[in-house]
Amino acid sequence: MSDAPEADRIAGVPHPRETARLFGQERAERLFLDAFAQDRLHHGWLLTGPRGVGKATLAWRMAKFLLATEAGGGLFGVPETLAVDPDHPVAHRVAAGSEPGLLPIRRVADEKSGKLKTQITVDEVRKLRDFFGLSSTEGGRRVVIVDSADEMNPNAANALLKLLEEPPAGAVLILISHQPSRLLPTIRSRCRELRLVPLGAEDMARALEQATGEPGDSAAAAALAELSGGSVGEALRVANGGGLALYAEIVEILSGLPRLSRPDVLKLCNSLGGREAEPRFDLTVRLIDLALARLARAGATRQPLTEAAPGEARLAERLSPDPRAARHWAELAGELGARARGGRAVNLDPGALVLDMFLRLESAAQTAPG
């Protein structure tokens with residue numbers, strides 16, 4: 001494997017090609033297997049759904065399955081799962097990045113800076129001409145994974161569209177998209193869509209255990225499922241940044257509204273100083289945004305809030321009892337987060353920016369409806 005950075009990898013966890021199991025997406029897997037079994041395998045597949053719910057893992061499972069499985073399933077018929085024996089030669093080659101029948105298209109590192117480019121360029125898509133020009137490999141298939149298709153620049157998107165319009169024999173293109181509305185309508189129309197869904201607490205616990213190698217904590221997994229919107233990728237980012245404890249601290253501070261505890265607020269703000277604390281500032285702002293959004297949702301739906309931190313449900317009942325109050329908190333969330341991020345962009349002190357957020361929240365709570 002190359003040492004170049006990979007745009008589709010989350011630091012500290014296995015790459016999707018190395019992930020053994022996919023949780024919570026049985027329906028999407030079954031739809032693909034049914035198409036394979038009925039010999040109705042489309043040449044283009046569009047995997048959609050929120051970021052981090054397993055789209056890339058499914059794409060790599062599909063790719064390995066297609067390269068390791070004969071049309072019609074061979075002697076033993078169509079398998080019941082996309083899983084490929086880890087001792088299969090295809091699995092070994094995919095893990096090593098040496099499978100000739102598979103080509104990932106993704107953002108690559110700039111030769112001068114060494115940093116990942118911000119877009120997938122047409123040069124990456126043009127590699128497909130040579131790839132499809134090679135003789136077909138075992139099983140006669142060649143598979144392309146585009147991760148993510150949202151990141152293609154216009155020239156790259158148009159080049160890929162031409163391949164979707166006139167696909168080479170034996171080609172299967174798997175496109176991953178977090179925001180399919182950003183894709184060309186003609187690209188979407190030439191693919192069969194598989195929509196993946198957010199994970200519940202049980203699937204989240206199993207997915208986190210697989211990703212971290214540590215025994216699952218059902219309570220923590222349930223909280224992370226709430227905070228991440230069912231996204232394993234986002235749950236890992238929150239967990240790795242100490243987000244559960246930080247969110248509990250934020251909820252405890254907000255529980256004092258309409259009068260905040262100054263010592264508690266200052267303690268949190270003082271933890272955000274220094275360049276090394278930059279990720280904690282970003283996470284703090286995101287979690288304050290999220291706390292307000294969850295308050296707004298609770299009031300808008302008038303449904304009891306599933307707690308991601310102790311006391312959160314009681315806080316929502318008190319501060320956001322109805323849709324009118326919900327609208328107040330929703331508007332505030334967008335305003336405060338944008339203000340803090342704008343201030344950080346011009347190098348204002350992160351602790352002072354978060355202190356400003358809390359002071360504005362205090363003022364807003366004293367004039368909130370309800």
Side-chain angles (χ1 to χ4, degrees), residues 1-2 6 8-10 12-43 45 47 52-106 131 134-147 169-176 192 194 196 199 202-216 232-233 236:
M1 293 295 297
S2 167
E6 295 179 289
D8 52 354
R9 178 185 287 275
I10 296 175
V13 299
H15 187 276
R17 67 172 167 268
E18 302 160 352
T19 303
R21 298 182 62 190
L22 176 64
F23 299 102
Q25 309 300 345
E26 291 80 8
R27 182 177 183 275
E29 285 209 6
R30 175 47 52 193
L31 289 172
F32 180 79
L33 278 168
D34 287 347
F36 181 87
Q38 297 165 21
D39 198 24
R40 296 170 58 190
L41 190 65
H42 204 282
H43 67 273
W45 293 84
L47 309 187
V53 296
K55 298 187 297 296
T57 297
L58 177 57
W60 285 88
R61 284 170 68 83
M62 290 165 62
K64 285 186 282 189
F65 175 87
L66 289 171
L67 294 168
T69 309
E70 297 178 28
L75 182 62
F76 301 102
V78 178
E80 292 295 314
T81 173
L82 293 179
V84 172
D85 188 328
D87 290 329
H88 193 287
V90 166
H92 281 296
R93 291 195 296 268
V94 168
S98 60
E99 170 54 55
L102 173 60
L103 180 65
I105 298 294
R106 53 197 170 182
F131 175 67
L134 300 174
S135 59
S136 60
T137 58
E138 297 175 18
R141 296 194 187 95
R142 283 157 293 172
V143 183
V144 174
I145 296 174
V146 183
D147 188 2
V172 178
L173 289 86
I174 306 171
L175 282 59
I176 295 167
R192 178 171 175 185
L194 293 178
L196 278 67
L199 274 66
E202 184 177 339
D203 286 322
M204 178 66 74
R206 295 190 293 169
L208 291 174
E209 183 173 355
Q210 174 177 247
T212 63
E214 299 176 358
V232 181
L236 287 166

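Between the CZ atom of Phe131 and the CG atom of Leu102 there is a distance of 6.5 Å, given to the nearest 0.5 Å. The distance from the CZ atom of Arg206 to the CG atom of Leu199 is 9.0 Å, given to the nearest 0.5 Å. Rounded to the nearest 0.5 angstrom, Leu66 CG and Arg142 CZ are separated by 13.0 Å. Residue Leu194 holds its CG atom at 11.0 Å from NE2 of His42, rounded to the nearest 0.5 Å.
Across Ala63 and Ile145, no two heavy atoms sit closer than the pair CB-CD1, 4.0 Å. For the pair Phe65 and Thr81, the tightest heavy-atom approach, listed with the atom from each and the gap, is CE1-O, 3.7 Å. Shortest non-hydrogen contact noted between Pro86 and Ala91 is O-CB, 3.7 Å. Minimum heavy-atom separation, Leu196 to Ala28: CD1-CB, 4.1 Å. Taking all atoms of both residues into account, the shortest heavy-atom contact from Ala207 to Val232 is CB-CG2, 3.7 Å. Heavy atoms only, all atoms of each residue included: Arg93 and Pro100 are closest at NE-CD, 4.0 Å.
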| said: With side chain to side chain contact (heavy atoms under 4.5 Å, CB included) as the criterion, how do Leu208 and Phe23 come out once you've worked through the C-alpha distance, each side chain's angles and the decisive distance to 0.1 Å? | reply: CA-CA 10 Å; Leu208 291 174; Phe23 299 102; over 6 Å; no
| field | Trace of the side chain to side chain contact (heavy atoms under 4.5 Å, CB included) decision for Gln25 with Asp203 | value | CA-CA 9 Å; Gln25 309 300 345; Asp203 286 322; over 6 Å; no
| task | Would you sort out whether Arg30 and Glu80 count as a salt bridge (charged side-chain N to carboxylate O under 4.0 Å, His left out), showing the intermediate values? | result | CA-CA 8 Å; Arg30 175 47 52 193; Glu80 292 295 314; 3.6 Å; yes
| query | Going through the checks in order, is the side chain to side chain contact (heavy atoms under 4.5 Å, CB included) test met by Leu82 and Leu22? | reply | CA-CA 10 Å; Leu82 293 179; Leu22 176 64; over 6 Å; no
| said: Does Val143 form a side chain to side chain contact (heavy atoms under 4.5 Å, CB included) with Ile174? I'd like the steps, not just the answer. | reply: CA-CA 7 Å; Val143 183; Ile174 306 171; 3.8 Å; yes
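For residues 55-65, every residue pair satisfying the side-chain hydrogen bond (donor to acceptor under 3.5 Å, both in side chains) rule, not counting sequence neighbours, is listed here: Glu29-Arg61, Lys55-His178.
Between Arg141 and Glu70 there is no salt bridge, since no side-chain nitrogen of the basic residue lies less than 4.0 Å from a carboxylate oxygen of the acidic one.
Here the side chains of Leu67 and Glu99 are in contact, with some heavy-atom distance below 4.5 Å. Counting heavy atoms from C-beta on, the side chains of Gln210 and Arg21 come closer than 4.5 Å.
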